[in-house]
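Everything on this sheet refers to the single structure shown next.
Hydrogens, waters and symmetry mates play no part in the numbers below; they use all other heavy atoms, side chains included.
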Amino acid sequence: MTPEQLSSALVAALTRLVDDGRLTLPDGVPSTVLVERPKVREHGDYATNIALQLAKRAGVNPRDLAQQLAEEIVTDDGVASAEVAGPGFLNLRVSAGAQGALAGQVVTAGDSYGRSDVNAGQKVNLEFISANPTGPLHLGHTRWAAVGDAMARVIEATGAEVTREFYVNDRGNQMDVFGASLMARAHGEEPPDDGYHGAYVADLAAKVVAEVPGVLDQPADEQLVTFRETGYRLQLAEQQAELDELRTHFDVWFSERSLHDSDSVEHGFDRLREQGRLFEADGATWMRTTDFGDDKDRVLVRSNGELTYFASDTAYYVNKRERGFDPCIYLLGADHHGYVGRLSAMAACVGDTPGEQLEVLIGQLVKILQDGEELKLSKRAGTIVSLRELIDLIGVDPLRYTLIRYPVDSPLTLDVADMTSKSNDNPVYYVQYAHARLASILRNAADLGITVDGSYDASQLSTEREGDLLRALAELPRVVARAAELREPHRVARYLEDTASTFHKFYDTCRVLPQGDEDVTDLHRARLVLVAATRQVLANGLGLLGVSAPERM
RNA sequence: GCCCCCGUAGCUCAGCUGGAUAGAGCAAGUCACUUCUAAUGACUCGGUCGCAGGUUCGAAUCCUGCCGGGGGCACCA
């Protein structure tokens with residue numbers, strides 16, 4: 001009996017009470033009843049506070065209502081006991097057989113266990129990183145790469161179709177500055193003051209020279225273009241290769257230039273004009289974002305005729321919407337927080353509802369320490385911690401996992417020593433180790449000729465540790481659904497850590513396979529199914545984070 | 001000045017859309033491997049949930065004010 005089934009059973013019980021006239025609910029019976037796992041064991045396998053919530057509306061004492069519900073719910077075969085506690089909680093115990101059945105269900109469901117179709121039909125656009133193609137990706141980008149990709153996987157697991165999109169800012173003044181910086185380095189000169197000064201610039205310049213042998217003999221204006229364009233192509237390719245290595249794969253790399261090569265910008269303006277949000281003033285063209293709470297109106301076309309970045313952004317959003325996406329999610333760093341107000345207002349200006357078609361998630365910044373010193377990440381100053389270095393220093397699995405396991409709205413301080421440590425102060429190995437342990441048991445079982453099949457006796461799984469583990473496995477579907485709904489993939493990681501811990505405790509007290517020349521009993525078989533189910537849950541969860549589930553460690 | 005995020009054990013952080021006695025890992029100390037992976041488990045120590053009010057059966061969680069830290073407020077990208 002899963003929490004979902006228990007919840008349905010409670011709804012059914014309430015419905016019976018109402019139908020029989022034993023209970024009056026003016027607003028009707030709620031469609032779902034929240035069932036939670038109590039922290040204290042004495043409070044049962046599951047508990048619900050539904051009586052406390054309904055008592056006022058029903059005009060009865062919460063404990064009396066809980067008592068009525070208790071008497072009704074125990075008639076269900078899967079419920080072993082129900083008792084009223086405290087101000088009106090209902091503490092429930094599930095029968096071993098009903099609970100143990102889950103293990104077989106998980107094994108049968110396999111890779112699909114934990115997935116659902118609650119968001120089926122939804123077309124989600126998830127934009128993240130969107131770095132300028134003028135330098136290597138750094139630590140900040142790496143956090144969004146890991147979190148964004150995990151978020152995409154989690155949302156996909158609820159049935160939605162998710163497009164991962166990277167917006168390439170390949171237009172504007174910074175591209176020329178980038179070209180000029182490369183060109184200067186190629187000639188052994190210092191880049192301009194406002195240019196790019198990182199050590200990578202000289203390396204990249206050398207690559208351009210290698211790729212285009214005659215470049216240094218080209219006329220200056222032509223040479224600038226060659227450096228800019230070739231440097232752009234090489235730098236973008238490097239970003240793509242590194243993200244690939246981090247297992248973050250984008251479906252669409254969307255070039256800002258392509259918006260301008262097509263009529264997308266004009267098209268966006270048309271939309272604003274239709275909505276009456278465009279106006280001219282001081283020789284510039286503006287969007288009236290103050291109609292929707294922005295603190296000032298925003299310029300789209302400057303008085304010198306140049307388009308602003310925000311003009312591109314607006315066109316891009318309209319483009320996404322016309323490709324059928326709803327919602328469009330933006331994952332931005334805290335340094336872009338000032339952008340949220342105008343993005344939301346922009347969505348309203350083109351006729352959408354901010355918070356529905358457009359969602360902005362702000363992630364806080366990351367700091368990384370090594371030997372107590374902060375690794376700096378200023379691209380322009382040149383001392384950067386790049387994605388490449390992080391992968392080499394920490395490894396893909398620990399890097400991804402560590403960045404994903406914290407909520408994005410909390411600022412983060414990470415220590416290199418912790419992330420590379422191969423002990424249980426490193427949660428990624430704690431979870432992976434549990435998986436490897438489980439895989440090992442399954443290998444040993446196969447050697448003994450014991451197979452996992454559906455005909456086990458579920459009621460054998462009757463001890464406390466087995467019950468704890470079964471209840472942990474039962475949580476995966478709602479953890480995934482909740483993580484998707486709240487856009488918080490870190491919940492999956494935390495869940496895996498809890499579940500791994502619950503498994504280790506089970507392993508400590510419950511022998512799975514027969515020892516020596518012992519006969520194979522129903523208990524052995526049942527526990528083996530539980531082991532197979534646990535392995536499946538950890539593997540599915542790690543898969544949602546894009547972290548590997550090793551068979552051996 | 002205005003806006004956003006954060007403030008929980010010595011450290012790094014959870015806290016399940018308001019629930020019962022606030023948790024985990026690390027750090028400090030103790031114990032358990034002839035037995036399926038000890039990268040594990042058991043136990044001890046450790047707290048005015050920044051401060052003050054408010055909302056209610058009930059607040060770390062919601063509201064207001066204050067204090068402290070981070071970030072942001074361009075006809076830049």
For the pair made of CZ in A:Phe89 and P in B:rG18, what is the distance, rounded to whole Å? 13 Å

If we take the P atom in both B:rC13 and B:rG71, what is their distance in whole Å? 16 Å

Look at the side-chain N and O atoms of A:Lys296 and state whether any lies under 4.0 Å from the OP1 or OP2 oxygen of B:rC75. yes

What's the gap between B:rG29 and B:rG65 when it is taken at their C1' atoms, as a whole Å value? 45 Å

Answer with base, sugar-phosphate or nothing: what part of the nucleic acid does A:Ala85 contact at a heavy-atom distance below 4.0 Å? base

Would you say A:Lys39 places a side-chain N or O within less than 4.0 Å of OP1 or OP2 belonging to B:rA22? no

Axial cation check for A:Tyr507 ring with A:Arg437, 6.0 Å and 45° limits: yes

With distance as the sole criterion, do the side chain of A:Ser303 and the base of B:rC75 form a donor-acceptor contact below 3.5 Å? yes

For the residue pair A:Thr290 and A:Asp297, confirm or rule out a side-chain donor-acceptor distance under 3.5 Å. yes

Give A:Ala334 one of three labels, base, sugar-phosphate or nothing, depending on what nucleic acid heavy atoms sit under 4.0 Å from its own. sugar-phosphate

Taking any heavy-atom pair under 4.0 Å as a contact, classify A:Arg511: base, sugar-phosphate, or nothing. base

B:rG1 C1' sits how many Å from A:Asp295 CG, rounded? 13 Å

Checking base pairs now: Watson-Crick or wobble, both atom distances under 3.5 Å. What partners B:rG1? B:rC73

Rounded to the nearest 0.5 Å, what's the gap from CG on A:Leu139 to CD1 on A:Ile368? Could you check? 5.5 Å

Distance between the P atoms of B:rU44 and B:rC49, in whole angstroms? 23 Å

Please report the distance separating the C1' of B:rU30 from the corresponding atom of B:rG68, rounded so that it comes out in whole Å. 39 Å

I'd like to know if A:His504 reaches the base of B:rG41 with its side chain such that a donor and an acceptor end up less than 3.5 angstrom apart. no

Value in whole Å for how far the P atom of B:rA77 lies from CG of A:Asp170: 14 Å

Could you tell me whether A:Ala445 contacts a base, only the sugar-phosphate backbone, or nothing, with contacts defined as non-hydrogen atoms closer than 4.0 Å? nothing

A:Asn91 (side chain) and B:rA20 (base): donor-acceptor pair under 3.5 Å: yes

Would you mind reading off the distance between A:Lys367 atom NZ and B:rG71 atom P, rounded to a whole angstrom? 9 Å

Partner of A:Tyr406 under side chain to side chain contact (heavy atoms under 4.5 Å, CB included), chosen from A:Arg494, A:His490, A:Gln364: A:Arg494

Give A:Asp418 one of three labels, base, sugar-phosphate or nothing, depending on what nucleic acid heavy atoms sit under 4.0 Å from its own. nothing

Answer with yes or no whether A:Asn49 presents, from its side chain, a donor or acceptor under 3.5 Å of a partner atom in the base of B:rG19. yes

With a cut-off of less than 4.0 Å, is there a side-chain N or O of A:Tyr507 near OP1 or OP2 of B:rC33? no

Please work out if A:Gly172 contacts a base, only the sugar-phosphate, or nothing of the nucleic acid, heavy-atom cut-off 4.0 Å. sugar-phosphate

Side-chain H-bond candidate by donor/acceptor type, A:Asn426 with A:Tyr401, under 3.5 Å: no

When the distance from CZ of A:Arg494 to P of B:rU12 is rounded to whole Å, what number comes out? 14 Å

Considering Watson-Crick and G-U wobble pairs with both distances under 3.5 Å, what does B:rU64 pair with? B:rA52

What contact category does A:Arg491 fall into here, base, sugar-phosphate, or nothing, at under 4.0 angstrom with non-hydrogen atoms? sugar-phosphate

Taking any heavy-atom pair under 4.0 Å as a contact, classify A:Tyr309: base, sugar-phosphate, or nothing. base

NA contact type, A:Glu518, heavy-atom cut-off 4.0 Å: base, sugar-phosphate, or nothing? nothing

Please name the residue in the list A:Val537, A:Val480, A:Val431 that meets the side chain to side chain contact (heavy atoms under 4.5 Å, CB included) test with A:Tyr495. A:Val537

Output the rounded distance in Å from CG (A:Leu486) to C1' (B:rC16). 10 Å

Kindly indicate whether a cation-pi arrangement holds for A:Arg228 with A:Phe178, taking the cut-offs as under 6.0 Å to the six-membered ring centre and within 45° of the axis. no

Between the base of B:rG71 and the ring of A:His337 - centre-to-centre under 5.5 Å, planes within under 30° - is that a stack? no

Side chain of A:Ser410 (C-beta onward), nearest among B:rA14, B:rA39, B:rU37: B:rA14

Among B:rC36, B:rU40, B:rG71, which is the nearest nucleotide to the side chain of A:Leu513? B:rC36

OP1, OP2 of B:rU37 versus side-chain N and O of A:Asn444: anything below 4.0 Å? yes

Same-atom distance (P) from B:rG23 to B:rG46, integer angstrom: 15 Å

5' priority, RNA chain B, between A:Tyr46 and A:Leu438 [closest heavy atom]: A:Tyr46

For B:rC36, give its Watson-Crick or G-U wobble partner with both distances under 3.5 Å, or none. none

Strictly by Watson-Crick or wobble contacts shorter than 3.5 Å, is anything paired with B:rC31, and which nucleotide is it? B:rG41

Without hydrogens or angle criteria, can the side chains of A:Glu165 and A:Tyr330 be said to hold a donor-acceptor pair below 3.5 Å? no

May I ask you to check whether A:Thr463 and A:Glu466 show a side-chain donor-acceptor distance below 3.5 Å? yes

Is the backbone N or O of A:Val299 less than 3.5 Å from a side-chain atom of A:Arg302, with the two atoms forming a donor-acceptor pair by type? no

B:rG50 and B:rA14, which share atom name P, separated by this distance in whole Å: 13 Å

Just to be sure I understand the rule, does A:Leu414 reach a base, reach only the sugar-phosphate, or reach nothing, if contact means heavy atoms closer than 4.0 Å? nothing

Quick one: which of B:rA77, B:rG41, B:rC13 gets closest to the side chain of A:Leu412? B:rC13

Taking only the side-chain heavy atoms of A:Ser440 (C-beta and beyond), determine which of B:rU37, B:rC6, B:rC36 contains the nearest atom. B:rU37

Shortest side-chain distance from A:Lys56, nucleotide among B:rC57, B:rA77, B:rC75: B:rC57

Roughly how many Å is it from CG in A:Leu442 to P in B:rU37, rounded to a whole number? 11 Å

Distance between the P atoms of B:rU12 and B:rC57, in whole angstroms? 39 Å

By the 4.0 Å heavy-atom rule, please label A:Thr413 as base, sugar-phosphate, or nothing. sugar-phosphate

For the P atoms, the ones on B:rA20 and on B:rA59, what distance do you get once it is rounded to whole angstrom? 10 Å

Across all strands shown, which nucleotide pairs with B:rC26 by Watson-Crick or G-U wobble geometry, both distances under 3.5 Å? B:rG10

I need the NE2-P distance between A:His336 and B:rG71, as an integer number of Å. 15 Å

Residue whose nearest RNA chain B nucleotide is more 5′ - A:Pro514 or A:Arg302: A:Pro514

